[in-house]
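Working notes, structure below.
Only a predicted model underlies this, so the values are computations on that prediction, with no experimental measurement involved.
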Amino acid sequence: MCTTCGCNPEEHDHDHGDGHHHHHDHDHDYDHNRILKMVPGGKKISVETDILARNNLLAMSNREIFAEKGIFVLNLVSSPGSGKTTILEKTLRDISECTRCATIEGDQQTDNDALRIAATGVPVKQINTGAACHLDAQMVGHAVKEFDLDNLDLLFIENVGNLVCPASFDLGENLKVVVLSVTEGEDKPLKYPQMFHAADVMLINKIDLLPHVDFDLAKCKKMALWVNPNITFFEVSAKTGEGMAEWYAWLATGVRKHAAYG
């Protein structure tokens with residue numbers, strides 16, 4: 001087991017949604033036996049540098065490709081059940097007529113979310129990670145090869161539902177967007193600080209439920225700002241549409257900004 005993310009170092013298949021299973025070893029081009037090393041005194045230390053350094057090189061390559069093509073790329077992260085797939089569905093239905101979008105869907109198993117996204121008419125590629133708890137740059141690099149990047153403005157990468165491991169793995173995105181629902185509790189930014197520190201945007205979802213749950217919106221924002229003073233907030237309800245227009249306007253600004261460099 002990988003000590004950085006808990007993934008299985010044995011080879012496993014990643015299904016990219018095209019009927020083919022891409023068989024590789026989770027981008028770990030090194031001996032997993034080197035992960036735990038003996039040091040004087042008999043103590044063991046975790047060696048994570050190799051994993052992240054290799055991933056970061058691949059992420060840099062992804063980022064260069066996206067910049068060359070003028071594509072705005074967002075990495076959507078959250079805990080399971082936050083509603084990020086529902087947000088993505090509504091977003092794609094509302095903006096895809098004027099913005100050329102595509103989506104990569106990351107899940108450990110099933111293509112349930114990818115089927116929901118496909119129903120919007122937007123191109124989607126599924127990545128099943130098996131035992132791995134996050135997407136990595138190599139997985140994304142393989143998946144985007146199946147998109148027509150010359151006809152793409154905005155790429156959403158919906159990561160595996162997890163507020164821990166995805167924070168450490170750069171995929172080549174421009175920004176991370178963390179989704180937190182009001183049903184989860186306002187203390188999530190303090191409980192998972194690395195993720196909220198790494199995120200550029202925080203979507204506070206399911207605000208239509210605020211009258212029915214014990215959630216302090218102001219306190220949640222305050223906690224997030226303690227962790228990340230530069231984070232941008234959007235209060236939204238994917239169910240009712242409240243707050244989504246502001247989110248769409250922010251997306252449109254990002255698309256225009258990055259298209260200028262394409």
Is any side-chain heavy atom of [Y] closer than 4.5 Å to one of [X]?
{"X": "D200", "Y": "I231", "value": "no"}
{"X": "V73", "Y": "I157", "value": "yes"}
{"X": "I65", "Y": "V144", "value": "no"}
{"X": "M202", "Y": "C220", "value": "yes"}
{"X": "T86", "Y": "K239", "value": "no"}
{"X": "L154", "Y": "I95", "value": "yes"}
{"X": "V178", "Y": "V201", "value": "no"}
{"X": "I117", "Y": "L88", "value": "yes"}

Practice problem: Spell out, as yes or no, whether a donor-acceptor pair under 3.5 Å connects the side chain of N159 to the backbone of L135. | Solution: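 Here the side-chain-to-backbone pair exists.
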Do you reckon [X] sits in the same ILVMFWY cluster as [Y], going by side-chain contacts under 4.5 Å, direct or chained?
{"X": "F156", "Y": "V124", "result": "yes"}
{"X": "V179", "Y": "L217", "result": "no"}
{"X": "F72", "Y": "M60", "result": "no"}
{"X": "L74", "Y": "F196", "result": "no"}
{"X": "F234", "Y": "L209", "result": "no"}

To the nearest 0.5 Å, what is the distance between [atom1] ([X]) and [atom2] ([Y])?
{"X": "W247", "Y": "T232", "atom1": "CH2", "atom2": "OG1", "result": "10.5 Å"}
{"X": "H142", "Y": "I104", "atom1": "NE2", "atom2": "CD1", "result": "11.5 Å"}
{"X": "F215", "Y": "D187", "atom1": "CZ", "atom2": "CG", "result": "9.0 Å"}
{"X": "L203", "Y": "K84", "atom1": "CG", "atom2": "NZ", "result": "11.5 Å"}
{"X": "N55", "Y": "D136", "atom1": "CG", "atom2": "CG", "result": "5.5 Å"}
{"X": "L76", "Y": "E173", "atom1": "CG", "atom2": "CD", "result": "10.5 Å"}

Exercise. For atom CG of N151, decide whether the heavy atoms of other residues, nucleotides or ligands shown that lie under 6.0 angstrom number more than 12.
Key: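 Check passes, neighbour count above 12.
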Quiz item: Do K221's NZ or CZ and the ring of F233 fall within the cation-pi criteria of under 6.0 Å and 45°?
Solution: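 K221 over F233 ring: yes.
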Self-check item: Salt bridge present between D216 and K222 (N-O < 4.0 angstrom)
Solution: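 So D216 does not pair with K222 through a salt bridge.
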If only side-chain N and O atoms count, and only distance matters, is there a donor-acceptor pair under 3.5 Å linking [Y] with [X]?
{"X": "D107", "Y": "N128", "result": "no"}
{"X": "T103", "Y": "E158", "result": "no"}
{"X": "S79", "Y": "E184", "result": "yes"}

Self-check item: Step-by-step side chain to side chain contact (heavy atoms under 4.5 Å, CB included) determination, R116 to T85
Solution: CA-CA 8 Å; R116 290 169 59 183; T85 306; 3.6 Å; yes
Practice problem: Might you point out which heavy atoms bring A167 and K176 nearest each other, and give the distance in Å? | Solution: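 Result for this residue pair: O-CE, 4.2 Å.
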Practice problem: Before giving the answer on side chain to side chain contact (heavy atoms under 4.5 Å, CB included), spell out for M195 and V164 the whole-Å C-alpha distance, their side-chain angles and the decisive distance to 0.1 Å. | Solution: CA-CA 7 Å; M195 178 60 78; V164 182; over 6 Å; no
Exercise. Apply the test side chain to side chain contact (heavy atoms under 4.5 Å, CB included) to residues V227 and L190: give CA-CA distance (whole Å), side-chain angles for both, the deciding distance (0.1 Å), then the verdict.
Key: CA-CA 7 Å; V227 174; L190 295 187; 3.9 Å; yes
Quiz prompt | Test log, rule side chain to side chain contact (heavy atoms under 4.5 Å, CB included), inputs M244 and K90 | solution = CA-CA 9 Å; M244 296 297 284; K90 180 163 181 56; 4.2 Å; yes
Practice problem: Identify which one of K69, R100, R256, H258 satisfies the side chain to side chain donor-acceptor pair (under 3.5 Å) criterion when paired with D153. | Solution: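 The option that passes is R100.
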Quiz prompt | Parallel, tilted or perpendicular: rings of F169 and H134 (30°, 60°) | solution =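 The rings of H134 and F169 lie parallel, inter-plane angle below 30°.
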